[in-house]
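Given the structure is predicted, the values throughout are model-derived calculations rather than measurements.
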Amino acid sequence: NYCPYDGMIVPIKCYLGKYNPSIGSKSENDCIPCPIGTFCNVEGLAIPNPCSQGYYCPSEELVNPVFCPVGTYNDKTGLQNEEQCTPCPRGTFNTKEGQTSITNCLACNKGTYCLEKQVSPITCPPNYYCSDPTQKIPCPKGTYFNGLYAIDALQCTTCQPGFYCSGNGANAVQCELGTYSQNSGNYNCLTCPEGYYCETGSSFPKICPSFGLNFITVNWDPTSRLSTYSQVFHQFSIQYPRPSCSTTKKRNHNEWTKNA
């Protein structure tokens, strides 16, 4: 308070946001702004209020303190900025502001995980499991999981032949053209060997086939009334991606020989 005139019956109170610890003050200038870390929410204060638990007071002349945000708590007084609010630890979350105890940080549910200062649990995504509420863990190499909320590595499914599962959160992927995976639980695909071809999603290589067309040309001899003929064999090759198949068959003394 302060009394600027003689004969005053009632002193004038310092305004909101200020206080005056001295007696016998004569001027409004004797009212002091409340410092950072305190607040003055009523007129005529002699001592500023320290910032309460669950709050912080970031500026001078503050009338109302500011809640610590969701995902944090504050069990101390006199905080000056938001960074001093304590984050809820990993594995817990907090949906309300202005919390005053670590007990207000709730444990994450099964099949979810929570990082530090978490506002709500994070759903365990496909190809991960969450046995530890502080993190998501990728399915092991050679396995995958299409669903959500997995809590154990046993829920990860073994990759089937014709697919590969590289781990690190990846889906099961079909082997590409020119590659194959013959066993279950593969985390990569093998290159097709020479003389074989592999279509998309192959579980084993297929041997390269041979193709040919046999045309017969008949030549007539009008004098002998006999006919002669010659066999003409047309050969061609067929191409497959990675690696290519090139196969030729020739007619030779009624026997087939293969050049691949």
Side-chain angles (χ1 to χ4, degrees), residues 67-74 81-99 101-194 196-207 239-245:
F67 280 125
C68 281
V70 292
T72 70
Y73 67 96
N74 171 31
N81 55 65
E82 182 180 325
E83 287 69 27
Q84 292 177 304
C85 298
T86 306
C88 284
R90 294 176 72 99
T92 67
F93 69 101
N94 174 16
T95 61
K96 296 180 179 179
E97 57 187 2
Q99 300 302 299
S101 172
I102 192 172
T103 59
N104 297 126
C105 298
L106 307 176
C108 269
N109 303 320
K110 288 184 177 181
T112 67
Y113 68 101
C114 294
L115 305 177
E116 188 178 76
K117 201 177 179 180
Q118 197 68 46
V119 174
S120 60
I122 304 171
T123 299
C124 208
N127 302 310
Y128 289 86
Y129 63 97
C130 296
S131 57
D132 180 352
T134 66
Q135 61 179 328
K136 60 178 181 178
I137 305 170
C139 284
K141 286 184 176 181
T143 67
Y144 70 100
F145 181 68
N146 284 333
L148 303 171
Y149 300 104
I151 61 175
D152 195 284
L154 296 176
Q155 291 178 259
C156 298
T157 305
T158 301
C159 219
Q160 299 301 308
F163 292 78
Y164 68 96
C165 301
S166 61
N168 297 318
N171 290 317
V173 180
Q174 277 191 317
C175 289
E176 299 176 349
L177 288 169
T179 67
Y180 73 101
S181 64
Q182 194 165 359
N183 301 316
S184 298
N186 293 289
Y187 56 86
N188 57 23
C189 296
L190 304 176
T191 301
C192 251
E194 291 185 6
Y196 294 82
Y197 71 97
C198 297
E199 299 170 326
T200 301
S202 291
S203 57
F204 57 89
K206 296 179 182 178
I207 192 167
Q239 200 79 6
Y240 286 85
R242 280 188 305 180
S244 62
C245 290

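- With sequence neighbours excluded, the residues satisfying side chain to side chain contact (heavy atoms under 4.5 Å, CB included) with N81 are E83, Q84.
- With sequence neighbours left out, the side chain to side chain contact (heavy atoms under 4.5 Å, CB included) criterion links E82 to Y56, P69, K117.
- T92 OG1 to I102 CD1: the interatomic distance, rounded to the nearest 0.5 Å, is 7.0 Å.
- Looking at residues two or more places apart in sequence or on another chain, you find a side chain to side chain contact (heavy atoms under 4.5 Å, CB included) between T123 and L148, Y149.
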Worksheet entry | Worked verdict on N171 versus Y144 for side chain to side chain contact (heavy atoms under 4.5 Å, CB included) | CA-CA 6 Å; N171 290 317; Y144 70 100; 6.0 Å; no

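- Scanning for side chain to side chain contact (heavy atoms under 4.5 Å, CB included) contacts around S184 gives T158, Q160, P161, with sequence neighbours left out.
- Side-chain atoms of S181 never come within 3.5 Å of backbone atoms of C189 as a donor-acceptor pair (strictly under, hydrogens ignored).
- Cation-pi check for K136 over Y128 is met; the charged atom lies under 6.0 angstrom from the ring centroid and within 45 degrees of its normal.
- Shown here are the side-chain hydrogen bond (donor to acceptor under 3.5 Å, both in side chains) partners of Q135, two or more places apart in sequence or in another chain: D132.
- By the SG-distance test at 2.5 Å, a disulfide connects C156 to C139.
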Can you check side chain to side chain contact (heavy atoms under 4.5 Å, CB included) on C68 and N74, steps first, answer last? CA-CA 7 Å; C68 281; N74 171 31; 3.6 Å; yes

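- Checking side-chain atoms of N94 against main-chain N and O of V70 turns up no donor-acceptor pair under 3.5 Å.
- For the atom pair OG1 (T112) and CD1 (I151), the distance works out to 11.0 Å, reported to the nearest 0.5 Å.
- Listed by chain and number, the residues in a ring-ring contact (aromatic ring centres under 6.0 Å, His included) with F163 amount to none (sequence neighbours excluded).
- The SG atoms of C105 and C88 sit under 2.5 Å apart.
- Here C192 contributes atom SG and Y197 contributes atom OH; the two are 9.5 Å apart, rounded to the nearest 0.5 Å.
- Minimum interatomic distance between A107 and F93 (heavy atoms only, all atoms of both residues): O-CE2, 3.5 Å.
- Applying the side chain to side chain donor-acceptor pair (under 3.5 Å) definition to pairs two or more places apart or across chains, those involving residues 102-111 are Q99-N104, S101-T103.
- One distance of note links NZ of K96 with CG of L106; it measures 9.0 Å at 0.5 Å rounding.
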